Amino acid sequence: MAAHNLGTELDLSWISKVQVNQPAVLRRAQQIQARRTVKKEWQAAWLLKAVTFIDLTTLSGDDTFSNIQRLCYKAKYPIREDLLKALNMHDKGITTAAICVYPARVCDAVKALKAAGCDIPVASVATGFPAGQTHLKTRLEEIRLAVEDGASEIDVVIDRSLVLTGQWEALYDEIRQFRKACGEAHLKTILATGELGSLTNVYKASMIAMMAGSDFIKTSTGKETVNATFPVAIVMLRAIRDFFWKTGNKVGFKPAGGIRTAKDSLAWLSLIKEELGDEWLKPELFRIGASSLLTDIERQIYHHVTGRYAAYHDLPMS
């Protein structure tokens with residue numbers, strides 16, 4: 001991972017007069033979505049790159065050690081070896097960026113990855129995920145327990161009411177406490193943008209989260225009605241760029257929720273490349289939160305190599 005974002009002092013003058021030009025943002029989002037994607041070997045190369053950005057996720061009420069174990073194995077071997085050999089990529093160490101689980105499953109993930117001889121980081125959601133409506137003391141303890149169990153990345157959720165009511169100092173203080181509780185673990189702050197009311201609020205919440213020391217800002221929990229969308233992403237990426245220009249600190253970006261197809265992943269990589277540049281196209285600064293995306297990417301790689309689509313039993317489950 002990249003060095004921690006140490007944050008800055010709270011400076012409300014950065015956001016006091018901000019107004020997002022929504023029609024311009026929507027036009028930019030339409031441009032990205034309408035663009036033709038890369039084809040053939042270039043598509044295969046970009047899809048393999050997309051695999052390395054995935055936080056392979058399971059956040060289900062019926063998670064058990066066995067399905068966590070299977071997920072960890074899939075994270076280490078995301079694409080069938082014979083397909084990688086056909087592309088001459090079998091010796092490049094392609095894995096997903098991380099495993100993302102509930103706090104109670106962190107020990108299972110750490111144990112499974114150790115057994116597999118793999119050093120992929122374990123990320124854990126915390127702070128009353130997904131609603132963030134538990135007491136602050138409880139949310140902070142949840143972070144500490146996940147870190148103690150071996151999580152090296154913590155995906156926290158903010159109290160959305162602080163954004164909706166304009167309590168920016170309280171939001172800053174809350175995230176600073178999350179930052180402290182994380183210790184050496186990286187802090188990924190989920191804004192739940194579908195519940196923030198406006199793109200202007202998305203920009204302001206992004207900036208406050210970065211001032212408070214977030215290493216990543218993340219669109220969604222994946223549990224909201226509206227999750228990762230291009231308009232929201234554009235606003236968050238512009239905030240990341242503004243923060244970099246003002247402070248020199250690079251903050252990562254993680255879209256999550258609803259990103260299911262290989263074609264979707266290519267559009268997201270294109271957006272990052274155009275808005276922030278190649279420097280951000282690495283796992284230290286860009287992640288995709290997904291549970292089913294990897295299946296479709298592997299399916300497309302299979303088609304590229306063999307000329308036909310895989311049957312259900314041809315590709316192992318993640």
Side-chain angles (χ1 to χ4, degrees), residues 2 20-57 78-79 87 89 92 94-98 188 190-191 193-194 199 202-203 206 216-220 222 226-245 250-305:
V20 173
N21 183 340
Q22 184 167 335
V25 170
L26 295 179
R27 281 196 302 273
R28 172 71 174 124
Q30 287 170 349
Q31 286 176 353
I32 289 288
Q33 291 168 284
R35 188 166 299 153
R36 291 180 65 188
T37 187
V38 290
K39 299 293 183 183
K40 298 184 179 178
E41 61 265 32
W42 293 279
Q43 184 183 80
W46 277 91
L47 289 177
L48 289 178
K49 194 172 184 67
V51 168
T52 68
F53 298 133
I54 294 175
D55 281 0
L56 196 58
T57 302
I79 306 294
L87 297 170
M89 294 294 289
K92 298 297 188 288
I94 292 175
T95 69
T96 66
K188 291 142 82 180
I190 308 169
L191 302 182
T193 54
L199 291 178
V202 169
Y203 182 94
S206 298
F216 270 74
I217 52 174
K218 177 178 170 182
T219 59
S220 331
V226 178
N227 293 294
T229 67
F230 287 106
V232 156
I234 289 164
V235 171
M236 292 174 70
L237 293 173
R238 299 284 171 89
I240 287 172
R241 192 167 66 191
D242 290 348
F243 187 76
F244 174 62
W245 285 346
K250 293 178 181 176
V251 173
F253 174 68
K254 180 179 174 180
I259 305 174
R260 297 186 178 91
T261 69
K263 184 179 178 182
D264 288 342
S265 70
L266 294 175
W268 283 100
L269 266 65
S270 177
L271 179 63
I272 299 300
K273 183 178 176 68
E274 292 185 16
E275 289 290 331
L276 295 176
D278 290 340
E279 289 180 66
W280 261 263
L281 275 176
K282 53 188 179 182
E284 292 82 8
L285 290 169
F286 177 55
R287 299 288 182 82
I288 300 172
S291 54
S292 58
L293 171 62
L294 181 56
T295 301
D296 193 56
I297 289 178
E298 190 173 22
R299 186 168 169 265
Q300 297 303 324
I301 295 290
Y302 185 98
H303 181 269
H304 174 75
V305 170

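For clarity, every value in this text was computed on a predicted model and none was experimentally measured. Values reported hereafter were calculated over all heavy atoms of this structure, with side chains retained and with hydrogens, waters and symmetry mates removed.
Here the side chain of Ser292 pairs no donor or acceptor atom with the backbone of Arg260 at under 3.5 angstrom. One N or O on the side chain of Ser206 and one on the backbone of Val202 form a donor-acceptor pair closer than 3.5 Å. Judged purely by atom type and a 3.5 angstrom limit, Thr57 uses its side chain to pair as donor or acceptor with the backbone of Asp55.
When Met236, Lys188, Lys218 are each tested for a side chain to side chain contact (heavy atoms under 4.5 Å, CB included) with Phe253, only one passes: Met236. Under the ring pair (Phe, Tyr, Trp, His ring centres under 6.0 Å) rule, Trp280 has a single partner from Phe244, Phe286, Trp268, which is Phe244. Partner of Val51 under the side chain to side chain contact (heavy atoms under 4.5 Å, CB included) criterion, chosen from Ile288, Ile301, Leu293, Ile94: Ile94.
Residue pairs satisfying the salt bridge (Lys or Arg N to Asp or Glu O under 4.0 Å) criterion with at least one member in residues 267-277, sequence neighbours excluded, are listed as follows: Arg28-Glu274, Arg28-Glu275, Arg35-Glu274, Arg238-Glu275, Arg241-Glu275, Lys273-Asp278.
To the nearest 0.5 Å, the span separating OH on Tyr203 from CD1 on Ile234 amounts to 14.5 Å. Note: Lys254 NZ to Ile259 CD1 = 10.0 Å, rounded to the nearest 0.5 Å. In this structure, CH2 in Trp46 is found 5.5 Å from CG in Leu281, a value given to the nearest 0.5 Å. Distance CD/Gln43 to NZ/Lys263: 10.0 Å, rounded to 0.5 Å.
Heavy atoms only, all atoms of each residue included: Thr193 and Ser220 are closest at OG1-OG, 4.2 Å. Across every non-hydrogen atom of Ala97 and Thr52, the tightest pair is CB-O, 3.3 Å. A pairwise comparison of heavy atoms in Ala256 and Asn227 identifies O-CB, 3.7 Å as the closest pair.
Within the 4.5 Å cutoff, side-chain heavy atoms of Ile297 are placed close to those of Ile54.
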